[in-house]
Amino acid sequence: MYPWLHLGPVTVSTYSLLFLCAFIVGGIVTYSEAKRQHRASEAILRVALGALIGGVIGAKLSMLIFLGPATFIKDLPYLWYSGQAWTGAFFGGYAGVLIVKRWNKIQYSTGDVFALALPLAQAIGRLGNLLGGDPFGLPSNLPWAITQYGVRRQPSALYEILLDLILFVIILRLRGKMPRPGDLFKLYIVGYCSVRFLVDFTRADPHILLGLTLVQVLYAFTVIAFGYQLMKSLRESWQ
């Protein structure tokens with residue numbers, strides 16, 4: 001684990017640095033996709049800002065749930081470089097997009113502009129998690145297990161990095177081939193939530209229902225909802 005980078009007299013959080021890289025790379029890929037789709041407009045910029053602001057707020061506030069109020073308040077001085085929850089960022093960013101689109105009366109689908117950037121940015125962010133020693137995987141004796149604070153554990157972050165990159169390649173191959181606007185983004189949501197659902201079986205997170213974590217419960221409903229919409233669109237295009 002390499003949670004800190006020491007650059008002369010300056011010490012930088014590895015997680016924060018890669019989180020920033022994820023935002024930069026995600027922004028570049030999103031802009032490239034917006035130009036390719038002829039959607040590089042002020043409206044898309046407002047939607048992107050809504051997603052960013054909603055995502056950051058969601059990532060921080062969701063830690064109230066994942067850490068609990070007492071730990072959240074105790075860790076407030078350190079939340080500028082840690083304490084991000086992708087699940088909170090996911091739902092917060094989605095809510096931010098919906099709010100901006102409603103305020104600006106944007107009727108068309110905008111998700112496909114972001115679909116390619118998201119799994120790539122997530123893979124970079126998870127690299128920050130891996131180097132920083134988070135999240136904790138289940139104890140394991142597998143040859144590829146990693147040591148986290150003296151205990152050999154499943155490299156959950158590494159699993160997600162690899163699966164995120166596979167999802168990135170799938171979306172890259174399918175962009176422009178989906179039957180309707182918005183379908184590529186639905187594919188991303190179904191793909192990522194499925195990835196995270198599987199990876200959570202290797203994480204040492206508490207189980208809340210039927211042996212599932214809170215994230216798995218939330219994402220199971222999300223996969224069902226968006227999977228139904230995606231299958232409906234595909235089925236109608238085949239008729």
Inset, instruction - Please work out which of the three classes, parallel, tilted or perpendicular, describes the rings of Tyr219 and Phe91, given edges at 30° and 60°. - result: tilted
Inset, instruction - Check for a donor-acceptor pair, side chain of Arg153 on one end and backbone N or O of Gly137 on the other, with a separation under 3.5 Å. - result: yes
Legend entry - Considering all heavy atoms, the nearest Pro179-Ser237 contact: CB-CB, 3.4 Å
Inset, instruction - Measure the shortest side-chain to side-chain distance between Val215 and Asp205 over non-hydrogen atoms and say whether it is less than 4.5 angstrom. - result: no
Inset, instruction - Could you state whether Leu127 and Ile146 fall into the same hydrophobic cluster, counting links through intermediate Ile, Leu, Val, Met, Phe, Trp or Tyr residues with side-chain heavy atoms under 4.5 angstrom apart? - result: yes
Inset, instruction - Check the side chains of Tyr15 and Trp4 for a donor-acceptor pair under 3.5 angstrom, ignoring hydrogens and angles. - result: no
Legend entry - Short side-chain to backbone donor-acceptor contact, Asp112 and Phe185, under 3.5 Å: yes
Inset, instruction - Kindly say whether Thr213 contributes a backbone atom to a donor-acceptor pair with the side chain of Gln216 at under 3.5 angstrom? - result: yes
Inset, instruction - Please answer: with hydrophobic residues joined when any side-chain heavy atoms are less than 4.5 Å apart, are Tyr31 and Ile53 in the same cluster? - result: no
Legend entry - Under 3.5 Å: donor-acceptor pair, side chain of Ser156, backbone of Thr202: yes
Legend entry - Smallest separation among heavy atoms of Gln148 and Phe136, with atom names: OE1-CA, 3.6 Å
Inset, instruction - Could you walk me through whether Ile170 and Leu174 pass the side chain to side chain contact (heavy atoms under 4.5 Å, CB included) test, one step at a time? - result: CA-CA 6 Å; Ile170 291 172; Leu174 291 178; 3.9 Å; yes
Legend entry - Ring-face cation contact, Phe168 with Arg173, 6.0 Å cut, 45° max: no
Inset, instruction - Look only at the side chain of Ser233 and the backbone of Gln229, and say whether a donor-acceptor pair between them is shorter than 3.5 Å. - result: no
Inset, instruction - Examine distances only and state if a side-chain atom of Lys101 and a backbone atom of Tyr108 form a donor-acceptor pair shorter than 3.5 Å. - result: yes
Inset, instruction - For Glu33 and Val113, indicate whether the former's side chain and the latter's backbone hold a donor-acceptor pair under 3.5 Å. - result: no
Inset, instruction - Return yes if some donor-acceptor pair links the side-chain N/O of Thr30 with the main-chain N/O of Gly26 below 3.5 Å, else return no. - result: yes
Inset, instruction - Determine yes or no for a side-chain-to-main-chain donor-acceptor pair under 3.5 angstrom, with Ser13 supplying the side chain and Ser16 the backbone. - result: yes
Inset, instruction - Would you give the length of the straight line joining atom CE of Met178 to atom CG of Leu187, rounded to the nearest 0.5 angstrom? - result: 5.0 Å
Inset, instruction - Anything under 30° is parallel, anything over 60° is perpendicular, the rest tilted; go ahead and classify Tyr188 against Phe90. - result: tilted
Inset, instruction - State plainly whether one hydrophobic cluster holds both Leu116 and Leu45, where clusters connect Ile, Leu, Val, Met, Phe, Trp and Tyr through side-chain heavy atoms under 4.5 angstrom apart. - result: no
